[in-house]
Asks: 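Mind looking over this structure? Questions follow.
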Amino acid sequence: MTSVPAARELSAPPVGRLTVWQGAGLYIGAVLGTGVIALPALAARAAGPASLLAWLGLVLLSVPLAATFAALGARYPDGGGVSTYVRHAFGARAAAVVGWCFYFAVPAGAPAAGMFAGAYVATAVGGGQRTVVVTAAVLLVFVAVANGFGLAVTGRMQLALAVLLVALLLAAVVTALPHTNVRNMHPFAPHGWPAVGSAAALLVWSFAGWEAITHLAADFRHPARDLPRATALAVAVVGVLYLAVAAVSVLVLGPAAGTADAPLAELLALGIGGAVHTLAAAAALLLTLGTMNAYFAGAAKLGAALGRDGALPAWFGQGSSVGEVPRRSLAVVSGLSGLALTATTVADVGPQPLVLLTTGSFVTVYALGTAAALRLLPRGTLPHRCALLALIAVAVLLVMTGWYLLWPLTVTASALCYLRWRRATGSPRPDPVDGLPQQTSPLSQQHD
């Protein structure tokens with residue numbers, strides 16, 4: 001196993017631009033995001049009030065999971081994120097697999113996120129499915145352009161979005177509290193206890209994101225200090241808000257919580273009134289911008305790192321260094337997202353299958369990332385214990401994901417076929433980049 005000495009990494013000069021608060025904003029946007037505007041309804045539809053157990057379980061899971069990735073990001077700050085950790089632990093093939101699973105999950109999930117926001121906009125202004133699709137397309141273009149200016153712009157934008165989102169969600173919860181009714185908790189499990197597992201599989205979408213910001217670890221001013229602090233802030237904020245919104249949705253809306261297209265709008269309507277659908281649409285747009293902004297930034301940086309390391313063509317490698325903007329990788333993520341939105345619209349399948357396909361990929365990333373943490377983090381330490389807990393929980397999520405794991409398996413096969421083709425062509429190895437050692441595998445090539 002090849003690893004970078006911890007002392008060397010922790011003493012690296014702070015050359016990034018992200019602050020603790022900007023990092024926390026990116027985390028909150030990546031994790032909170034669109035889940036809070038749509039998934040309380042989808043989870044309630046799947047399991048009724050018992051879906052709250054799924055929410056609670058995933059909030060508890062997020063603590064060791066977030067701590068694990070924060071410890072890895074602080075110790076190995078690199079644009080490859082989880083792919084870098086897996087490479088150090090298990091080699092180049094496994095790194096390419098996890099990198100592909102994350103990179104190609106983002107274009108699949110972005111249209112679903114945009115469509116969630118579009119449903120709120122359509123409720124406010126009308127236009128039906130056309131409004132949904134147009135909203136999603138506008139969001140894709142806006143986030144792609146914003147990321148093209150680099151983290152100096154997106155970091156500040158994300159912090160402002162996070163503050164607005166927290167304030168709005170707290171307002172929705174507090175103003176709806178007088179309308180709660182404990183009788184809405186009965187029957188507690190109308191679809192049986194196994195339905196809690198089905199709800200949890202859906203809710204992984206809501207908690208995906210703890211790995212996303214690790215791709216930006218090297219862009220923090222002081223990665224070893226700032227990344228764990230940003231993570232702790234985000235875990236506290238996200239956990240409280242998710243549980244509050246989910247609980248109030250069930251207690252206030254009752255059975256209607258599972259059928260509402262825009263449950264956040266329903267809460268605001270009861271608590272505030274007035275132009276509530278317009279306010280809810282604005283909230284949905286802000287939430288979606290936060291999620292897409294964070295994921296596009298992380299995926300673009302990851303694609304550049306994969307190109308640098310030979311897991312993708314060298315053309316992707318432009319922008320892999322700290323402070324650079326990976327515009328080529330960003331263009332690919334944006335283009336594939338547009339194609340996915342087009343295909344989704346033509347097939348008229350809705351966002352739920354895309355959610356499950358995307359979460360299948362993220363669960364795969366979590367499984368390999370937490371397994372790598374067990375090899376890389378010092379034994380007996382709190383981060384190592386967190387990694388063990390996270391790996392056990394992720395193994396359960398893998399079982400719950402079911403046949404939607406076919407998508408990450410397909411991506412895995414594609415990644416391995418690409419690496420096999422590279423070996424057959426005898427591509428040269430890359431030079432060391434960002435303090436990372438040369439790999440012994442012949443799966444890399446010169447970066448441009």
Asks: Please report the interatomic distance CZ(Arg385) to CG(Leu374), rounded to the nearest 0.5 Å.
Replies: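 These two atoms lie 12.5 Å from each other.
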Asks: Dump the intermediate steps for side chain to side chain contact (heavy atoms under 4.5 Å, CB included) on Thr231 and Phe69, then the final yes or no.
Replies: CA-CA 9 Å; Thr231 303; Phe69 286 121; over 6 Å; no
Asks: CG of Leu336 to CG of Leu140: how many Å apart, nearest 0.5 Å?
Replies: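 Leu336 CG to Leu140 CG: 11.5 Å, rounded to 0.5 Å.
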Asks: Of the non-hydrogen atoms in Thr288 and Ala113, which two are nearest, and what is the gap between them?
Replies: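 For Thr288 versus Ala113, the nearest heavy atoms are CG2-O, 3.5 Å.
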Asks: Would you check if Leu306 and Ser83 make a side-chain contact, meaning some heavy-atom pair closer than 4.5 Å?
Replies: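 Of all side-chain heavy-atom pairs linking Ser83 with Leu306, at least one is under 4.5 Å.
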Asks: Tell me, do Val333 and Tyr103 make a side-chain contact under 4.5 Å, heavy atoms counted?
Replies: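 They are in contact (side-chain heavy atoms under 4.5 Å apart), so the answer is yes.
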Asks: Side chains of Val332 and Trp315: closer than 4.5 Å at any heavy-atom pair?
Replies: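 Counting from C-beta outward, Val332 and Trp315 do come under 4.5 Å.
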Asks: As a quick check of understanding, evaluate side chain to side chain donor-acceptor pair (under 3.5 Å) for Tyr120 and Thr135, giving each step before the final call.
Replies: CA-CA 10 Å; Tyr120 276 75; Thr135 300; over 6 Å; no
Asks: With rounding to the nearest 0.5 angstrom, report the OH to OG distance, Tyr295 to Ser337.
Replies: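 Here the interatomic distance stands at 13.0 Å.
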Asks: Once you round to the nearest 0.5 Å, how far does CG of Leu312 lie from CZ of Arg328?
Replies: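 Nearest 0.5 Å value for the CG-CZ distance: 13.5 Å.
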Asks: On a heavy-atom basis, which atom in Leu419 and which in Ala96 lie closest, and how many Å separate them?
Replies: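 Nearest heavy atoms, Leu419 then Ala96: CD1-CB, 3.5 Å.
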Asks: Of all the heavy-atom pairs spanning Ala95 and Val86, show the shortest one and how long it is.
Replies: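 Distance-wise, the nearest heavy atoms are N-CG1, 3.6 Å.
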Asks: Do Ser329 side-chain atoms and Pro326 backbone N/O form a donor-acceptor pair below 3.5 Å?
Replies: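 No.
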Asks: Report yes if some heavy atom in the side chain of Leu58 is under 4.5 Å from a heavy atom in the side chain of Ser62; otherwise report no.
Replies: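 Heavy-atom side-chain distance check fails, nothing below 4.5 Å.
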Asks: Does any part of the side chain of Leu368, heavy atoms only, come nearer than 4.5 Å to the side chain of Val82, both counted from C-beta?
Replies: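 SC-SC contact between Val82 and Leu368 ruled out.
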Asks: So which atom in Ala117 and which in Leu139 form the shortest heavy-atom distance, rounded to 0.1 Å?
Replies: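 Smallest interatomic distance, heavy atoms only, reads CB-CD1, 3.9 Å.
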Asks: ring-ring contact (aromatic ring centres under 6.0 Å, His included) with Phe104: which residues, sequence neighbours excluded?
Replies: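 Applying ring-ring contact (aromatic ring centres under 6.0 Å, His included) to Phe104 gives Trp100.
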Asks: Mind listing the closest non-hydrogen atom pair of Pro111 and Leu341 along with its distance?
Replies: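 Minimum heavy-atom separation between Pro111 and Leu341: CG-N, 3.6 Å.
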Asks: Would you confirm whether Arg87, through its side chain, and Ala94, through its main-chain N or O, come within 3.5 Å as a donor-acceptor pair?
Replies: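 No.
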Asks: So, do Phe102 and Tyr85 have ring centers that fall under 6.0 Å from each other?
Replies: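 Between Tyr85 and Phe102, which both carry aromatic rings, the centre distance is not below 6.0 Å.
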Asks: Can you find a pair of side-chain heavy atoms, one from Val133 and one from Met115, that are under 4.5 Å apart?
Replies: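 No, their side chains stay 4.5 Å or more apart.
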Asks: For Arg375 and Ala89, indicate whether the former's side chain and the latter's backbone hold a donor-acceptor pair under 3.5 Å.
Replies: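 A pair under 3.5 Å: yes.
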Asks: Are the side chain of Asn293 and the backbone of Leu289 linked by a donor-acceptor contact shorter than 3.5 Å?
Replies: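 Checked: no pair found.
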Asks: Ala122 and Val132: which non-hydrogen atoms are nearest, and at how many Å?
Replies: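 Answer, listing the atom of Ala122 first, then Val132: CB-CG2, 4.1 Å.
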Asks: How long is the straight-line distance from CG of Asn147 back to OG of Ser334, given to the nearest 0.5 Å?
Replies: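 Rounded to the nearest 0.5 Å, the OG-CG separation comes out at 7.5 Å.
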Asks: With distance as the sole test, does Thr370 use its side chain to make a donor-acceptor pair with the main-chain N or O of Tyr366 at under 3.5 Å?
Replies: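 The answer is yes, because a donor-acceptor pair under 3.5 Å joins these two groups.
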Asks: Measuring only between side-chain heavy atoms, which start at C-beta, is Val98 closer than 4.5 Å to Thr364?
Replies: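 They are not in contact (no side-chain heavy atoms under 4.5 Å apart), so the answer is no.
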Asks: A quick test of your reading: do over 12 heavy atoms of other residues, nucleotides or ligands sit less than 6.0 Å from CZ of Arg130?
Replies: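 Counting other residues, nucleotides and ligands, CZ of Arg130 stays at 12 neighbours or fewer.
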Asks: Going from OG1 on Thr19 to CZ on Arg229, what distance comes out if it is rounded to the nearest 0.5 angstrom?
Replies: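 That separation rounds to 12.0 Å.
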